[in-house]
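Lettering of chains follows the sequences in order, A, B, ..., and the numbering in each one begins at 1.
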Amino acid sequence: MKSNIRVRFAPSPTGPLHIGGVRTALYNYLFAKKHRGKFILRIEDTDRSRYIKGAEEYIMESLGWCGIRVDEGVNEGGDYGPYRQSERKDIYSKYASMLLESGWAYEAFDTPEELEILRKSHEEKGNTFVYDAKIRGKLKNSISLPADEVSRLHSEGVPYVIRFKMPVNEDIEMNDLVRGNIIVNSGTLDDKVLYKSDGMPTYHLANVVDDHLMEISHIIRGEEWLPSLALHVMLYRAFGWEMPSCAHLPLLLKPTGKGKLSKRDGDKLGFPVFPLYWPYGETASGYREEGYFPEAFVNMLALLGWNPGTDKEIFSMNELIEEFSIDRVGKSGARFDPEKARWFNHQYMQILQVQKIAAEYVKIVGNKGYEIDIKRASELVEMVRGRVDLISELWHQTDFFFKGPEIYDEAAVKKRWKDDSPFQMQELRSVLKAIISFTSDETEREVKKWIQENDYGMGDVLNAFRLIIVGELRGPHLFDIIAFIGKEETLKRLDKGLECLS
RNA sequence: GCUCCGUUCGUCUAGUGGUUAGGACGCAAGGUUUUCAUCCUUGUAGCAGGGGUUCGAUUCCCCUACGGAGUACCA
C-alpha cells in the first residue's frame, strides 16, 4: 500500500446525491481516515448541459450532515486544485494533445448526426454500431483521411472530437480490490471519445488525468464503472503513468423487483432515496427531514455492502473508521431495506444522548406552536424514546402533553367508558386532589391503593383515566404523564372529561 | 445482441473441503404491561440448477439459468 493514501469522491452536479453516492463517499472517507490519508471532493462538471444549479451545494451539505469531512475540495482548497473540472479545461486539452502526438489518440470529424444514422442502420440489421478498430478506417478521422484533408478541415474550423485509439487485439489485465483479477481483450472495446467538440473532456480523460495529477492512490467507486476500467487502464498505460489501486463497490438495489435503486422506488414505497430534501424542480424527500439521525443513516449505509465479520451492528463513525476494510466489502448488489433503516434509527433513538434528541425535539415543538425548554423536553424524550423510530414520530407520542383532548376517540370510549366510569373518575379526582406531592410514584401508589381498597378493576379505572387525559388509548406510563402535566392540569382534564363523557 | 460483474433464509449478511450452515431485520408465538409501543424468550426460513474434481462439496472448476451494470461528443 502506498504511504500517502489519497482518495476522492467525484460526483457530478446533475441533481441530488443518491444514497448510493453517499455510500461511495462514505467508503472513500472511511478508507482515507483509517489510513490517515486525505479525502478529496472533486466536482465532475464536464457536461455543461446536465449541470443543475444547487446540486454542488447539496452534495456538500449532504456530506456535512453525514459527518463526512472533506480534506481537499472546492470549499476547502488544497495543493492540487482547482477541484472543479470545469476550471481545469486547459489541463485536459494539453493531455489530449499529448495522446494525439504519441499516436494513442486521433481526431474524428464525424458529426453526432452521422453517427446516429450509422447506429440506426446497424440497429435495423440487428447489430450494434461501435466506433472501433475494425471500422475507424472507414470513418471521417485523422487515421482514415489524408493529412492535407485533415488540415483543410482544421482550417475550415470543422468541429472534431478526440478518440482513444484502442489496440486491435490485446489482453488487458486489471486488478480490482473487491473482485480480483479481470482480463478483457481490447478487441471488444471501442474508441471512446476523450475530448468533446465543445472543448471539454469526457469523464474518461478527465478522471484519469485528475486522479494522476491529484496523486490519488485508490479509486473507490461504483460498480457501474467496471466496464470502463479497461479503457482507464489503457489510458494510464498510454500516458505512462502508474495506475492507482481500485475498488468497485457493489450496487444498491431496489427493495422489491429488479434493478438498481431509483427515486421512483422511494416515491412508490414511501422512503427517501436521498440524504436531504431536494427543493428544486421535481422535489424529493430526504432522510434528514424524515427524522433520521445522521449517525443511524451512516451506520445503515456502511453495513450495506460491507460488514466487519462480527455480530456487531451499531457503529459510531470512529468505530467504522477503525474497523473498515476493503477486504470485507461484498461483491454482490445489496438490496436496500427501508425497514432495517428504521430499525437502525430506533437503536440510535435509544443510545444517543437525550439532550441531543431533545434539541431536535424542541424545534418540532416550536413548529407546532408550543414552547418547551430543553430540560422539560429531555424529560419527555426520555419518556417516549423507546416507543419511536424517527425523530418526526416524537410529536405524535407527546402532543397530549401540550393540550388536553378536544375529542375522545370513539372506539376507545365505547371500549373503556363504562357505567361505573363517571363515578369512579369522580372519586379518582378526589384522591388525586388530596395528593400534595404530585409525583409519578406518589400518585401511582395512592391511586392503586384506592383501587384495591374499593376492589375496582385496575384496567377499568386506568383506561378510563387514560382516555380522559390523552383522549385515546395510547401514550407512556399514565402516572408519568400526569406528573408531567401537573396536578392542576390533571384535575382540569378530569373535569372536562367527566363533563363531555357523562 | 455484445462485453464485464455477480448468485447463502423474504432482506442485509457470517462461514468452512467434513458445521446442528451462525447473526441481524422482518414475520409468528409466548412472556412483561393500565393503553399503544418498547423490551425479553422461543420459533420461522437459505447454500439457484446441472455436471465434474474429491473419500467427501455450500465451499474448487465448467456449463446453464437468473440478476445487475456497461454498450453516448453523460457521468
Under 3.5 Å, which donor-acceptor pairs do the side chains of residues 451-460 of chain A form with other protein atoms, sequence neighbours left out?
unit_1, atom_1, unit_2, atom_2, d
A:Asn454, ND2, A:Trp450, O, 2.7
A:Tyr456, OH, A:Glu427, OE1, 3.2
A:Tyr456, OH, A:Glu427, OE2, 3.1

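The distance from atom CG of A:Leu194 to atom P of B:C74 is 12 Å, rounded to the nearest whole Å. Separating the NZ atom of A:Lys192 from the P atom of B:U71 is a distance of 6 Å, rounded to the nearest angstrom. Whole-Å rounding puts the A:Lys134 NZ to B:C2 C1' distance at 10 Å. The separation between A:Leu303 atom CG and B:A14 atom P is 10 Å, rounded to whole Å. At whole-Å resolution of the value, CG in A:Leu251 and C1' in B:U11 are 17 Å apart. In this structure, the CD1 atom of A:Ile162 is 14 Å from the P atom of B:C73, given to the nearest Å. Atom CZ of A:Phe344 and atom C1' of B:U13 are 11 Å apart (whole Å). In this structure, A:Asp337 places its CG atom 11 Å from P of B:C25, rounding to the nearest Å.
For the C1' atoms, the distance linking B:U64 with B:A72 amounts to 33 Å, nearest Å. Comparing B:C12 with B:G31, their C1' atoms sit 29 Å apart, to the nearest whole Å. Separating the P atom of B:A14 from that of B:U38 is a span of 28 Å, rounded to the nearest Å. Using atom P as the reference point in both B:C61 and B:U16, the two lie 15 Å apart (nearest Å). Atom P of B:G18 sits at a distance of 25 Å from the matching atom of B:C63, rounded to the whole Å. For the P atoms, the distance linking B:U53 with B:U58 amounts to 15 Å, nearest Å. The separation of B:A57 from B:A21, taken at their P atoms, amounts to 16 Å, rounded to a whole angstrom. With P as the reference atom, B:A24 and B:U44 are 14 Å apart, rounded to whole Å.
Nearer the 5' end of RNA chain B, as judged by each residue's closest nucleotide, is the contact made by A:Pro255, out of A:Tyr160 and A:Pro255. Residues A:Pro227 and A:Met458 both approach RNA chain B. Their nearest nucleotides, taken by heavy-atom distance, put A:Met458 toward the 5′ side.
Using a 4.0 Å cut-off, some side-chain N or O of A:Asn307 falls inside it from OP1 or OP2 of B:A14. Phosphate contact (OP1/OP2 of B:A37, side-chain N/O of A:His346, threshold under 4.0 Å): absent. OP1 or OP2 of B:C73 has at least one side-chain nitrogen or oxygen of A:Arg119 nearer than 4.0 Å. Distances shorter than 4.0 Å separate some side-chain N or O of A:Lys196 from OP1 or OP2 on B:C74. Contact between the side-chain N/O atoms of A:Arg328 and the OP1/OP2 oxygens of B:G15 is found at a separation under 4.0 Å. In terms of phosphate contacts, A:Arg179 brings no side-chain nitrogen or oxygen within less than 4.0 Å of OP1 or OP2 of B:G6.
A cation-pi arrangement is found for A:Arg163 relative to A:Tyr131, the charged atom lying closer than 6.0 Å to the ring centre and inside a 45° cone about the ring normal. Annotation: cation-pi pair A:Arg23/A:Tyr27 present, NZ/CZ under 6.0 Å from the ring centroid and within 45° of its normal. Because its NZ or CZ atom is both nearer than 6.0 Å to the ring centre of A:Phe315 and within 45° of the ring axis, A:Lys312 counts as a cation-pi partner of that residue.
Side-chain contact annotation: A:His248 with A:Arg221, donor-acceptor N/O pair under 3.5 Å present. No side-chain donor-acceptor contact under 3.5 Å links A:Tyr83 and A:Asp210. Donor-acceptor pairing under 3.5 Å is recorded for the side chains of A:Ser262 and A:Asp265.
Among the heavy atoms of the strands, none lies under 4.0 Å from A:Asn127. At the heavy-atom level, A:Leu189 lies nowhere under 4.0 Å from the strands shown. Nucleic acid contact for A:Gly457: none, since no nucleic acid atom lies under 4.0 Å from a heavy atom of the residue. Within 4.0 Å of A:Ser197, counting heavy atoms only, lies at least one base atom of the nucleic acid. Within the nucleic acid shown, A:Arg163 comes within 4.0 Å of sugar-phosphate atoms alone, with no base atom in reach, counting heavy atoms only. When heavy atoms are screened at a 4.0 angstrom cut-off, A:Thr46 is found touching the sugar-phosphate backbone but no base atom. Within 4.0 Å of A:Pro159, counting heavy atoms only, lies no atom of the nucleic acid at all. Residue A:Val161 is classed as a base contact, given a heavy-atom separation below 4.0 Å to a base. Contacts of A:Arg335 with the nucleic acid, taken as non-hydrogen atoms under 4.0 Å apart, involve only primed sugar atoms and P, OP1 or OP2. A:Pro201 comes within 4.0 angstrom of sugar-phosphate atoms only, judged by non-hydrogen atoms across all strands, and of no base.
Note: A:His204 and A:Trp225 have perpendicular aromatic rings, judged against thresholds of 30 and 60 degrees for the angle between ring planes.
A donor N or O paired with an acceptor N or O is not found under 3.5 Å between the base of B:G70 and the side-chain atoms of A:Ser228. Counting atom types as modelled, A:Arg50 pairs a side-chain N or O with a base atom of B:C74 as donor and acceptor under 3.5 Å. Evaluation of atom-type donor-acceptor distances gives a pair under 3.5 Å for the side chain of A:His477 against the base of B:U34.
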